[in-house]
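Worksheet: the structure to be examined is printed underneath.
Proteins come first, then strands; the chains are lettered A, B, ... in the order of their sequence lines, and each starts at number 1. The structure displayed is predicted, hence computed values, not measured ones.
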2 protein chains.
Amino acid sequence: MRLSTKGEYASRAMLELSVRYAEGALHIRDISAAQGIPERFLEQILLQLKRAGYLRSRKGPKGGYFLAKPPSRISVAEVIRVMDGPLAPIDCVSVTAHDPCPREPYCGLKGLWKEVRDAVAEILERTTFEDMAERSRVAKARSVTP
Amino acid sequence: MRLSTKGEYASRAMLELSVRYAEGALHIRDISAAQGIPERFLEQILLQLKRAGYLRSRKGPKGGYFLAKPPSRISVAEVIRVMDGPLAPIDCVSVTAHDPCPREPYCGLKGLWKEVRDAVAEILERTTFEDMAERSRVAKARSVTP
DNA sequence: ATATTAGTCGACTATCTCAATCGACTAAGT
DNA sequence: ACTTAGTCGATTGAGATAGTCGACTAATAT
Ligand code: FES
Ligand code: FES
């Protein structure tokens with residue numbers, strides 16, 4: 001039930017872009033430095049998020065990446081689905097990539113996997129990057145004035 | 001957020017052993033056939049579950065595997081932890097294998113991962129193999145008399 | 001006793017996924 | 001034109017996954 005490094009990096013990058021949404025475009029290098037993500041790896045993550053429609057970019061000097069829509073309209077679930085695929089623990093209970101298993105009629109476990117999927121999806125779908133950015137600002141403020 | 005095949009097979013095998021708990025020891029071959037799991041692969045899964053204390057076995061004719069304790073006292077969470085490790089999406093929020101990440105103080109995401117971990121753990125910890133066996137019996141009965 | 005049955009153990013392998021790296025290219029500013 | 005910075009495809013190394021295999025050991029039935 002583990003989140004991939006890619007999924008984690010993508011979330012962190014999106015968070016950085018959300019916290020500094022007002023600044024406009026950020027370079028890969030800045031995001032990489034701020035979040036401690038290998039630059040060359042981050043490059044391909046951002047590209048993937050761009051292709052999926054969550055980011056836009058500008059080339060050349062003063063270029064960089066920025067969110068395609070406000071942080072309040074992007075859920076963490078969407079980003080994780082782009083990087084790691086379906087949230088479901090197994091495919092027979094996936095909403096986005098449903099694929100029935102052979103012995104479904106007798107299977108006592110399906111309901112359980114569905115509960116897990118629904119619980120995870122509910123949390124990640126209701127949480128937007130605006131929420132995360134806000135929590136991040138609060139955490140930072142608290143760490144500055146203890 | 002995917003469950004490994006090993007985790008899935010282990011759950012299915014434990015379910016089979018729970019549904020037929022009264023029958024005493026079951027051969028690897030029977031469990032394998034009933035649940036459609038490669039025999040030689042199942043062998044090593046059952047051994048792992050035995051080493052972890054959830055199964056016991058008897059050799060020779062009339063031998064086989066059986067639960068070390070009643071199905072009501074084994075949660076799905078325990079079995080998955082044996083096969084796949086911690087339930088947490090990332091280590092900094094794992095209870096069983098906690099490992100702090102470097103930038104914890106500023107991290108806005110930690111709380112979210114913790115919510116996910118807690119939700120998953122709550123479901124899998126409260127669900128026992130007795131519950132699963134019961135659901136399985138109900139499902140079977142329903143499929144016989146529609 | 002001994003043949004048969006069935007779990008035990010360690011090692012082995014093929015395939016895949018993950019996490020990353022690289023080089024060459026293209027577009028945007030100055 | 002020159003520099004900066006994103007784009008794209010390919011490749012790689014390590015490690016995990018999903019299995020297989022052969023030889024061994026213990027229990028039972030005859
Ligand atoms: S796990 Fe898919 S139906 Fe049982
Ligand atoms: S993910 Fe561990 S502290 Fe942010």
Return all side-chain donor-acceptor pairs below 3.5 angstrom for residues 109-121 of chain A, not counting sequence neighbours, or 'none' if the list is empty.
unit_1: A:K110; atom_1: NZ; unit_2: A:E104; atom_2: OE1; d: 2.6
unit_1: A:E115; atom_1: OE1; unit_2: B:R126; atom_2: NH1; d: 3.3
unit_1: A:E115; atom_1: OE2; unit_2: B:R135; atom_2: NH2; d: 3.3

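With sequence neighbours left out, the ring pair (Phe, Tyr, Trp, His ring centres under 6.0 Å) criterion links B:Y9 to B:F41.
Within 4.0 Å (heavy atoms only), B:R51 reaches sugar-phosphate atoms of the nucleic acid but no base atom.
Closest to the A:Q44 side chain, of the nucleotides D:dA10, C:dT26, D:dA26, is D:dA10. Of the candidate nucleotides D:dT28, C:dG7, C:dA19, C:dG7 has the atom lying nearest to any side-chain atom of B:Y65.
At the phosphate of C:dT8, OP1 or OP2 sits under 4.0 Å from a side-chain N or O atom of B:S57. Within the 4.0 Å cut-off from OP1 or OP2 of C:dT8, at least one side-chain nitrogen or oxygen of B:K50 is found. At the phosphate of D:dG19, OP1 or OP2 sits under 4.0 Å from a side-chain N or O atom of B:Y9.
Within residues 80-97 of chain B, no residue has a heavy atom under 4.0 Å from DNA chain D. For the segment residues 28-36 of chain A, the set of residues with a heavy atom within less than 4.0 Å of an atom of DNA chain D comprises A:I28, A:R29, in numerical order.
Of the residues near DNA chain D, A:L46 and A:P61, the one whose nearest nucleotide (by heavy atom distance) lies more toward the 5' end is A:P61.
Checked by distance alone, A:K59 brings a side-chain donor or acceptor within 3.5 Å of a matching partner on the base of C:dT26.
Applying the salt bridge (Lys or Arg N to Asp or Glu O under 4.0 Å) definition to pairs two or more places apart or across chains, those involving residues 62-86 of chain B are B:R81-B:E125.
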Note, DNA chain D 5' to 3' with Watson-Crick or G-U pairs under 3.5 Å encoded as ( ), [ ], | and . gives ||||||||||||||||||||||||||||||
